[in-house]
Visitor: 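Here you go, one structure.
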Amino acid sequence: MSDLHDRWVEERRHEYYYKLAKKEGYRSRASFKLLQLDEKYSIIREGDSVVDLGACPGGWSQVAYELTGPEGKVVGVDLRYIHPLEGVDFIIGDITEDATMIRLLEMVGGKVDVVLSDMAPNIAGHYSTDHARSIELCTYAVDVCDRILKKNGKLAMKVFMGDMFGMLEKQLKSRFRHVTVTSPAASRPTSSEVYVVCTGFLAAHNVEPVREIKQEKEAPAFRPKGGNI
């Protein structure tokens with residue numbers, strides 16, 4: 001009986017935030033997760049520059065722009081096409097690939113105040129596999145922080161909790177003054193997802209990068225052989 005009640009509560013909560021998103025004009029119910037995180041931890045301030053990883057369909061980018069205002073800058077990145085959103089620039093690409101990272105660096109044109117990541121792997125339905133893939137995506141979010149986050153900047157990202165979380169937490173604690181694990185009310189109670197809010201980025205130069213980025217070499221200019229015709 002308890003299981004049926006819990007399932008009913010979860011379905012009602014899911015339905016509530018879905019309907020509320022439609023009513024308030026947000027692109028996804030996930031928008032409320034960021035709103036709730038920001039209300040508690042003050043992640044985004046007016047005028048901030050923000051990078052949103054795993055941005056599709058744009059719900060977090062939409063909230064980020066509301067919070068930064070017209071003086072801020074929001075850039076979203078995702079593998080999938082995202083319908084245009086006023087005040088937000090989108091990059092369609094894989095952040096695990098060098099070309100996408102280079103494009104992001106060029107578009108941002110400097111350091112940013114906040115990195116957001118709602119990235120999630122394609123669910124395989126196998127707990128340890130999904131967890132490992134989630135941790136891998138999070139390490140790429142950390143890599144983005146190492147390259148473009150300002151000193152004292154902030155990171156908020158989703159992760160599937162599991163036995164590899166300690167490794168990720170160690171990486172985060174070597175880079176940020178404060179690391180907090182939390183779960184907003186808009187998350188499903190039965191989900192293994194949690195959110196990590198990190199503040200006070202140290203911008204330490206002695207931190208070993210997650211990976212090297214290789215700039216593609218330009219093809220040599222074509223020169224006809226045999227002189228002029």
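In this text, all values refer to a predicted model and were calculated from it rather than measured experimentally.
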Visitor: Are I123 and M164 joined in one hydrophobic group, where the rule is that I, L, V, M, F, W and Y side chains link up if heavy atoms are under 4.5 Å apart?
Guide: no
Visitor: What are the two closest non-hydrogen atoms of G76 and A55, and how far apart are they?
Guide: CA-CB, 3.9 Å
Visitor: Please report the closest heavy-atom contact between S61 and F90, naming both atoms and the distance.
Guide: OG-CE2, 3.7 Å
Visitor: Apply side-chain contact (heavy atoms from CB on, under 4.5 Å) to C145 and D143, showing your working.
Guide: CA-CA 5 Å; C145 291; D143 184 50; over 6 Å; no
Visitor: Applying side-chain contact (heavy atoms from CB on, under 4.5 Å), run through L137 and M157 and close with a yes or a no.
Guide: CA-CA 10 Å; L137 289 174; M157 69 177 174; over 6 Å; no
Visitor: Can you tell me if S128 and H126 form a side-chain donor-acceptor pair at under 3.5 Å?
Guide: yes
Visitor: Checking side-chain contact (heavy atoms from CB on, under 4.5 Å) for the pair K111/L149: CA distance, chi angles, key distance, verdict?
Guide: CA-CA 5 Å; K111 302 287 186 178; L149 191 58; over 6 Å; no
Visitor: Report yes if the side chains of D52 and V77 come closer than 4.5 Å at any heavy-atom pair, otherwise no.
Guide: no
Visitor: Does the side chain of D94 pick up a donor-acceptor pair with the side chain of T100 at under 3.5 Å?
Guide: no
Visitor: Check whether any side-chain heavy atom of L105 lies under 4.5 Å from a side-chain heavy atom of R147, and answer yes or no.
Guide: yes
Visitor: To the nearest 0.5 Å, tell me how far C138 SG sits from E169 CD.
Guide: 12.0 Å
Visitor: Could you point out which residue of L104, V50, V144, I148 forms a side-chain contact (heavy atoms from CB on, under 4.5 Å) with V112?
Guide: I148
Visitor: Check whether any side-chain N or O of D89 sits under 3.5 Å from a backbone N or O of V75 as a donor-acceptor pair, and report yes or no.
Guide: no
Visitor: Quick one: does any side-chain atom of D48 pair with a main-chain N or O of G72 as donor and acceptor, under 3.5 Å?
Guide: no
Visitor: Is the side chain of S49 donor-acceptor paired with the backbone N or O of D113 at a distance under 3.5 Å, no angle test?
Guide: yes
Visitor: Please confirm whether the backbone N or O of A141 pairs with a side-chain atom of S117, one donor and one acceptor, at under 3.5 Å?
Guide: no
Visitor: Quick check: does any side chain N or O of Q171 sit under 3.5 Å from a backbone N or O of V142, one acting as donor and the other as acceptor?
Guide: no
Visitor: For a 4.5 angstrom cut-off between non-hydrogen side-chain atoms, does L155 reach F176?
Guide: yes
Visitor: So, taking the atom named CZ in R133 and the one named CE in M119, what distance separates them when rounded to the nearest 0.5 Å?
Guide: 14.5 Å
Visitor: Atom OH of Y127 and atom CE of M161: how far apart are they, to the nearest 0.5 Å?
Guide: 8.5 Å
Visitor: With a 4.0 Å cut-off, would you call D146 and R175 a salt bridge?
Guide: yes
Visitor: Could you tell me whether the side chain of R80 reaches within less than 4.5 Å of the side chain of I92, counting heavy atoms only?
Guide: no
Visitor: With a 4.5 Å limit on heavy-atom distance, are the side chains of Y195 and P184 in contact?
Guide: yes
Visitor: Do S28 and W60 come close enough that some side-chain heavy atom pair is under 4.5 Å?
Guide: no
Visitor: Is there a donor-acceptor pair under 3.5 Å between the side chain of D78 and the backbone N or O of C56?
Guide: yes
Visitor: To the nearest 0.5 Å, what is the distance between CG (L168) and NZ (K173)?
Guide: 11.0 Å
Visitor: Which residues satisfy the side chain to side chain donor-acceptor pair (under 3.5 Å) test with T68, sequence neighbours excluded?
Guide: none
Visitor: Evaluate the criterion side-chain contact (heavy atoms from CB on, under 4.5 Å) for residue pair V114 and V51; output intermediate values, then yes/no.
Guide: CA-CA 6 Å; V114 181; V51 165; over 6 Å; no
Visitor: Could you measure the distance from the CZ atom of F160 to the CZ atom of F165? Nearest 0.5 Å is fine.
Guide: 13.5 Å
Visitor: If hydrophobic clusters are built from ILVMFWY residues whose side chains come within less than 4.5 Å, do V108 and M101 share one?
Guide: yes
Visitor: Is D38 close to L67 at the side-chain level, that is, under 4.5 Å between some pair of heavy atoms?
Guide: yes
Visitor: Roughly how far, to the nearest 0.5 Å, is the NZ atom of K154 from the CG atom of L37?
Guide: 12.5 Å
Visitor: Looking at H178 and G200, would you say the former's side chain and the latter's main chain have a donor-acceptor pair under 3.5 Å?
Guide: no
Visitor: How about V197 and Y41: do any of their side-chain heavy atoms sit closer than 4.5 Å?
Guide: yes
Visitor: In sequence, state the C-alpha distance, the side-chain angles, and the governing distance for K33 and D118, and then conclude on salt bridge (charged side-chain N to carboxylate O under 4.0 Å, His left out).
Guide: CA-CA 10 Å; K33 298 177 186 179; D118 202 30; 5.5 Å; no
Visitor: Output yes when a side-chain donor or acceptor of E193 lies under 3.5 Å from a complementary backbone atom of V159, and no otherwise.
Guide: no
Visitor: Measure across I82 and P57 and return the closest heavy-atom pair with its distance rounded to 0.1 Å.
Guide: CG2-O, 3.6 Å
